[in-house]
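Here the structure is laid out as structure tokens; the discussion comes afterwards.
Start at 1 with the first residue, then count along the sequence.
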Amino acid sequence: MKQIKQQAVMRNTSFLIAGFALTVYIVGGIGVMAGLVLIGMIGHQDLWGWGDARSIGYFVFAVGLILSILGVLIMRIMRNRQ
């Protein structure tokens, strides 16, 4: 009985981690696309006093790329977990 409960808890935890990985992957993809838009289309305009759109675009692109890679790595770990 105890083993069945442990399996159920592990399955629920696996679903939560897999959902987190998918969310991080999607947010990273949106970040990459937003960074490319800021770099390519908006260019040298000032964004609400935060700075040049191109420099913010490079930052958003890099963070999005890191999040996408992190999401893929977490998904691979979840796939090979069993």
Looking at I30, V24, T23, which one forms a side-chain contact (heavy atoms from CB on, under 4.5 Å) with I26?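 Answer to the side-chain contact (heavy atoms from CB on, under 4.5 Å) test with I26 among I30, V24, T23: I30.
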Between F61 and I42, is there shared hydrophobic-cluster membership here, with clusters defined by ILVMFWY side-chain heavy atoms closer than 4.5 Å?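 No, it is not one cluster - the side chains of F61 and I42 are not joined through contacts under 4.5 Å.
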Report whether I39 and V32 are members of the same hydrophobic cluster (ILVMFWY, side-chain heavy atoms less than 4.5 Å apart, transitive linking).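 Yes: a chain of side-chain contacts under 4.5 Å links I39 to V32.
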Say you draw a straight line from CZ of F59 to CG of L38; how long is it, rounded to the nearest 0.5 Å?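 One gets 12.0 Å once the value is rounded to the nearest 0.5 Å.
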Considering all heavy atoms, the nearest G35-V60 contact: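 Of all heavy-atom pairs spanning G35 and V60, the closest is N-CG1, 3.8 Å.
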Name each donor-acceptor pair under 3.5 Å that joins a side chain in residues 65-73 to protein atoms two or more places apart or in another chain, with its distance.
from	atom 1	to	atom 2	distance (Å)
S68	OG	G29	N	3.3
S68	OG	G64	O	3.1

